[in-house]
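The structure displayed is predicted, hence computed values, not measured ones. Lettering of chains follows the sequences in order, A, B, ..., and the numbering in each one begins at 1.
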2 protein chains.
Amino acid sequence: MTSRLEALCMEKGLKMTGQRRVISQVLSEADDHPDVEEVHRRAVQIDPRISIATVYRTMRLLEDAQVIERVDLGDGRARYEEATADHHHHLIDTRTGRIIEFASPELEAMKERIAHELGYKIVGHRLEIYGVPLDDAADGIRDEEERP
Amino acid sequence: MTSRLEALCMEKGLKMTGQRRVISQVLSEADDHPDVEEVHRRAVQIDPRISIATVYRTMRLLEDAQVIERVDLGDGRARYEEATADHHHHLIDTRTGRIIEFASPELEAMKERIAHELGYKIVGHRLEIYGVPLDDAADGIRDEEERP
DNA sequence: TCTGGGATTGCGAACGGTTTTCAGTATGAT
DNA sequence: ATCATACTGAAAACCGTTCGCAATCCCAGA
Ligand SMILES: [Mn+2]
Ligand SMILES: [Mn+2]
Ligand SMILES: [Zn+2]
Ligand SMILES: [Zn+2]
């Protein structure tokens, strides 16, 4: 069965190899923000003859083709998600690692306004929020030190 | 002459070695966002017997002591600036690499509100804007592809 | 369907930024 | 000044990522 991303790749005229099909499937089924090793782990379960190097190469290919997007969550590695029409940002729960997605047109507008006032046109931006659940914070649960 | 940061370090009770004094001086005099190699380059000009390893160690020490702050501008390396009372963000000119600092209480408030609505208390956040000068953009100067 | 040749793969080595190990040295409390 | 302790330089290890190369695969064209 051909996955959503596989169809997209074919539209873009990318040569479809077995490895790319599997990686496309993995990414199509993912509803989180896996890093390269995680994608590889999932891919190998479908077809064991996929090397990590190929996953790296394919992620870059798909990113360049705008099929997926790279997400930088502040841990040292690149994470990815399917490219979507609607732009959003991430709130990372520093206690659990849970990632909450959010969008804010007001915030985007404000950012746009700020750049314009400085004499700039925005070509890209990055925003992540790190937080802890309000109730946990109220309970006074000790905050283990984490570099966000 | 004892630099601003050196004084701060002594207040915090850090052992003051010759190397730390020099690095503190370099950072006190910097008005940009140097990476570790740049700090080392400047430090060596004051005292050639400072190793890059010590600069790495000292930057981390000063960061942990909240004397300096790490800035992630999206190029692969850590950049630093003196910790200041007033929080700010960075707009990076993707054509020249120039960095413009800005602050926006409204934006901070909005971010705070968003997190609160999601049930979270903010413990950290990151925001960078990448842009090109408005007039350059109007002139239609070709945008060389850069990964921001 | 068969084929040729350029694209892709797996492997391991290389890379760039950063951390660590370890033996020698400097610091600062006494 | 002494001495335990913390710090340093140099080199090796580390970690995520990219690269070089020979072997293999895909698929447009016959
Ligand atoms: Mn997302
Ligand atoms: Mn700054
Ligand atoms: Zn945005
Ligand atoms: Zn802020």
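- Under 4.0 angstrom from either OP1 or OP2 of C/dT18 there lies at least one side-chain N or O belonging to B/Y56.
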Do any side-chain atoms of residues 43-50 of chain A form donor-acceptor pairs under 3.5 angstrom with protein atoms, and if so which ones, sequence neighbours left out?
unit_1: A/D47; atom_1: OD1; unit_2: A/R49; atom_2: N; d: 3.0

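- Using a 4.5 Å cut-off on side-chain heavy atoms (C-beta onward), A/E81 and A/E101 make contact.
- For the ring-ring contact (aromatic ring centres under 6.0 Å, His included) condition, the pairs that include at least one residue of residues 42-87 of chain B, sequence neighbours left out, are B/H87-B/H89, B/H87-B/H125.
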Enumerate all atom pairs, one protein N or O and one N or O from nucleotides 28-30 of chain D, separated by less than 3.5 Å.
none

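- Side-chain atoms of B/M59 and B/V39, non-hydrogen and from C-beta on, do get closer than 4.5 Å to each other.
- For B/I52 and D/dC7, the CD1 to C1' distance is 17 Å, given to the nearest whole Å.
- Look at B/R60 and B/E63 and you find no salt bridge, because none of the NZ, NE, NH1 or NH2 atoms lies under 4.0 Å from a carboxylate O.
- Contact annotation: side chain of A/R57 to base of D/dG20, donor-acceptor pair present below 3.5 Å.
- Under the 4.5 Å side-chain heavy-atom criterion for grouping Ile, Leu, Val, Met, Phe, Trp and Tyr, B/M110 is connected to B/L118 within one hydrophobic cluster.
- Between the side chain of A/R98 and the backbone N or O of A/D93, no donor-acceptor pair lies under 3.5 Å.
- Atom C1' of nucleotide D/dC15 and atom CG of A/D75 are separated by 13 Å, given to the nearest angstrom.
- Against DNA chain C, the stretch residues 26-51 of chain A makes heavy-atom approaches under 4.0 Å through A/R49, A/I50, A/S51.
- In this model, the phosphate group of C/dT19 is approached by a side-chain N or O of B/R60 to a distance below 4.0 Å at OP1 or OP2.
- Using a 4.5 Å heavy-atom threshold, the side chains of A/E106 and B/E106 count as separate.
- Near DNA chain C, meaning a heavy atom under 4.0 Å from it, residues 10-25 of chain A has A/K15, A/T17, A/Q19, A/R20 in order of number.
- The rotation axes computed at either terminus of the helix from C/dT1-D/dA30 to C/dT30-D/dA1 lie 30° apart, taking five pairs at each end and rounding to 10 degrees.
- Residues A/Q19 and A/T58 fail the side-chain proximity criterion, which asks for heavy atoms closer than 4.5 Å.
- A/D72 has its CG atom 14 Å from the C1' atom of D/dT17, to the nearest Å.
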Pairs under 3.5 angstrom, nitrogen or oxygen only, protein versus nucleotides 12-14 of chain D, please.
none

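- The CG atom of A/L127 lies 9.0 Å from the NZ atom of A/K111; values are rounded to the nearest 0.5 Å.
- One can place CG of A/L61 at 16 Å from P of D/dC26, the figure rounded to the nearest angstrom.
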Distances for protein N or O near nucleotides 12-15 of chain C N or O, under 3.5 Å:
none

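- Distance B/M59 CE to C/dG17 P: 15 Å, rounded to the nearest Å.
- Taking the side-chain hydrogen bond (donor to acceptor under 3.5 Å, both in side chains) definition, one finds that B/R42 meets it with B/D32, B/E38, sequence neighbours left out.
- Shown here are the side-chain hydrogen bond (donor to acceptor under 3.5 Å, both in side chains) partners of B/D35, two or more places apart in sequence or in another chain: B/R77.
- Hydrophobic cluster membership for A/M10: A/M16 (Ile, Leu, Val, Met, Phe, Trp, Tyr linked by side-chain heavy atoms under 4.5 Å, directly or transitively).
- By the 4.5 Å heavy-atom criterion applied to side chains, B/I129 and A/Y120 are not counted as neighbours.
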Could you walk me through whether B/I68 and B/L5 satisfy the side-chain contact (heavy atoms from CB on, under 4.5 Å) test, starting with their C-alpha distance in whole Å, then the side-chain angles of each, then the deciding distance to 0.1 Å, before giving a yes or no?
CA-CA 9 Å; B/I68 61 176; B/L5 257 58; 3.9 Å; yes
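- Here the side chains of A/E82 and A/L27 are not in contact, with every heavy-atom distance at 4.5 Å or above.
- Judged purely by distance below 3.5 Å, without hydrogens or angles, the side chains of A/H90 and A/E128 never pair a donor atom with an acceptor atom.
- Evaluation of the side-chain hydrogen bond (donor to acceptor under 3.5 Å, both in side chains) rule for A/Q66 yields no partner, not counting sequence neighbours.
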